[in-house]
> 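Shown below is the structure under consideration.
Just so it is clear: chains get the letters A, B, ... in the order the sequence lines come, proteins before strands, and each one is counted from 1. Below, all heavy atoms of this structure are taken into account, side chains as well, without hydrogens, waters or symmetry copies.
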Amino acid sequence: MTKPSNNSCVSIKQALTGEIAADSNICLQGWVRTRRDSKAGFSFINLHDGSCFAPIQLVADKDLPNYDSEILKLTTGCSLRCQGKLVESRGRGQNFEIQVESIEVLGWVEDPDTYPIQPKKHSYEFLREVAHLRPRTNTFGAMTRVRHAASLAVHEYFSQHGFNWIHTPIVTASDAEGAGQMFRVSTLDQMNLPKNDKGNIDYNQDFFGRETFLTVSGQLNVEAYCMAMSKVYTFGPTFRAENSNTSRHLAEFWMVEPEIAFGDLNDLANLAEDFLKSVFRSVLDRCPDDMAFFAERVEPEAITRLETFIEQPFARVEYSEAIEILQNSGKKFQFPVNWGLDLQTEHERFLTEEHFKGPVVVMNYPDEIKAFYMRQNDDGKTVAAMDVLAPGIGEIIGGSQREERLDILQQRMAHHGIDKTEYDWYLDLRRYGTVPHAGFGLGFERLILYITGLSNIRDVIPYPRTPGRADF
RNA sequence: UCCCCAGUAGCUCAGUUGGUUAGAGCGGGUGACUGUUAAUCACUAGGUCGGCAGUUCGAGUCUGUCCUGGGGAGCCA
């Protein structure tokens, strides 16, 4: 027997936003956040269902048949279905509430004493240990809705600007993209690895007939589609096996990588700026309650700094100028500032937080510290690379114009020790109708960090994967 | 991977120069009270003080080591 259809139920969001007429009889389903009893003969139950930030208040009268047997025993986390009338609230704190006509308990909390999610402040560290239950908290509910809104905003922006979303592969054979350590993908018996005549592991016998890994970037693949579709982007999971233990790194994260044909580094910087502002605007519009919560409880500037970000043009500075600014700052840095060295975290922070007091695009870096595919500038010593630095989180976007000239790309590959045979297909893109093109990579979780004001990247993805941890 | 910090009740924390039976708030249970808002009040249950080894008459407290977590750095998105 199946239960009666519940499709007559509405979401708490629908009930609270005035979408449903007052005095309507409606059905709601959700989880109990708190219960308060009045001996005057009723209980208040705050119910949440993830549809919006606010819970809805159920007013359950003692005359309900299961009042003593069940309703008085509801604790935080219990799930229930409720039938009742949507009425204007007689109390303060909410406009509408539900005058309950019936409550059906769907799931009890079997041991309320040890149920980890309580209506109180928990530490983020503790909540990471219960990552399967933390979406029931205000913070993670809000983060989840904001993450969703930002995802949609990414797709909407690109779609409205004529980009095609390209589903680049997760499994790759490229092992030298220069973007970091890779996770091996293999079906070989780890206890009994086949060897070739040289005594090495014989990957010819592996699933793909060769060594394969999880992708560290969809960029090279998406460039090929860029050379046909003109404007493309990837948005998917990315894997780095670096032993990075910081609040800004994950082993599995989501990356957005647009690529534009017929464009140069300035076009790319324009795209980055317009794109970020559009996403922020969209999240502020879609998630006002969630953002208000972050501003109130997590980061007071959460909303105002996004608004400022949207209004102000990005500062743009040449790498060489940035070095001069740092050298003339009078600041004592722990790491040296010299032309040819990469910017350290402390340098990025000075530029964004003290000198420019806002986001900065740093352009045209020394070629020696950048990847092989970045376009050589005419000065012979820099490449057309750019980083977008944001206050508080550092590098949020890294990108470049790509080297579209076959001979120079081959020289750079040789210089970086890249095996040309592995990248012959990539060189084909320069042999057959090459055009100037450019693209960047955006760490999606870093974007969510910046939007929410949360400070640890493990708290803006449902199940964080970091060195030594792959729970849940 | 390197440097620093932390680990005490289900959770958040206090615990003095080493000294009897380790405390509080929240959460749970019981009761009182109230159109309540993380309600309030009273009572109550709940702890091998991260593991192991050591110093000491005596260790939550000191030492070593391991584990776990956090912050910072490197690497990067």
> Toward the 5' end of RNA chain B, which comes first, A/Q94 or A/Q118, by nearest nucleotide?
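Comparing both residues, the 5'-ward one is A/Q118.
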> Ignoring hydrogens and angles, does a donor from either the side chain of A/E125 or the base of B/rU12 sit under 3.5 Å from an acceptor on the other?
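In this structure, the two groups form no donor-acceptor pair.
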> Mind checking who B/rC2 pairs with, Watson-Crick or G-U wobble, both distances under 3.5 Å?
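Its partner is B/rG72.
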> Do we count A/F253 as stacking onto B/rA77 if the rule is ring centres under 5.5 Å and planes under 30°?
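Here A/F253 meets both the 5.5 Å and the 30° conditions.
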> Checking only heavy atoms, does the side chain of A/S244 share a donor-acceptor pair with the base of B/rC76 at less than 3.5 Å?
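No, the side chain and the base share no sub-3.5 Å donor-acceptor pair.
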> Answer yes or no: is there a side-chain heavy-atom contact under 4.5 Å between A/F44 and A/L58?
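Sidechains of A/L58 and A/F44: no contact.
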> Within the structure shown, what part of the strands sits under 4.0 Å from A/Q57 by heavy-atom distance: base, sugar-phosphate, or nothing?
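Here A/Q57 touches the bases of the nucleic acid.
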> Could you tell me the separation between the CZ atom of A/R128 and the C1' atom of B/rG7, rounded to a whole number of Å?
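A/R128 atom CZ is separated from B/rG7 atom C1' by 15 Å.
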> Heavy atoms only, 4.0 Å cut-off, all strands: where does A/N46 land among base, sugar-phosphate and nothing?
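No contact.
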> What is the separation between atom CD on A/E348 and atom C1' on B/rC75, rounded to the nearest whole Å?
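Rounding to the nearest Å, CD of A/E348 and C1' of B/rC75 are 12 Å apart.
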> Please say whether the positively charged group of A/R305, taken as NZ for Lys or CZ for Arg, lies over the ring of A/F280, i.e. under 6.0 angstrom from the six-membered ring centre and within 45 degrees of the axis.
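Pair A/R305/A/F280 does not count as cation-pi.
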> Does B/rG35 have OP1 or OP2 under 4.0 Å away from a side-chain N or O of A/R90?
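Checking A/R90 against B/rG35: no side-chain N or O falls below 4.0 Å of OP1 or OP2.
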> Would A/E259 and A/R402 pass as an ion pair if we require N to O under 4.0 Å?
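Answer for the salt bridge query: yes.
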> Once you apply a heavy-atom cut-off of 4.0 Å, does A/F444 come out as touching a base, just sugar-phosphate, or nothing?
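Nothing, no heavy atom under 4.0 Å.
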> B/rG70, OP1 or OP2 - any side-chain N/O from A/R458 closer than 4.0 Å?
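Answer yes for this pair, as a side-chain N or O of A/R458 is under 4.0 Å from OP1 or OP2.
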> Just to be sure I understand the rule, does A/T246 reach a base, reach only the sugar-phosphate, or reach nothing, if contact means heavy atoms closer than 4.0 Å?
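Counting heavy atoms under 4.0 Å across all strands, the contact made by A/T246 includes a base.
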> Indicate whether OP1 or OP2 belonging to B/rA39 is found under 4.0 Å from a side-chain N or O atom of A/T34.
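So the side-chain polar atoms of A/T34 do come within 4.0 Å of the phosphate oxygens OP1 or OP2 of B/rA39, strictly under.
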> Distance to the ring centre below 6.0 angstrom and angle to the axis at most 45 degrees; does that hold for A/K370 and A/Y365?
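Ring-cation test returns yes.
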> Base, sugar-phosphate, or nothing: which does A/H249 touch, judged by heavy atoms less than 4.0 Å apart?
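Counting heavy atoms under 4.0 Å across all strands, the contact made by A/H249 includes a base.
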> Reckon A/R469 touches a base, only the sugar-phosphate, or nothing at all at heavy-atom distances under 4.0 Å?
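Touches sugar-phosphate only.
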> Can you tell me how far C1' of B/rG31 sits from CG of A/D68, to the nearest Å?
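It is 15 Å, rounded to the nearest whole Å.
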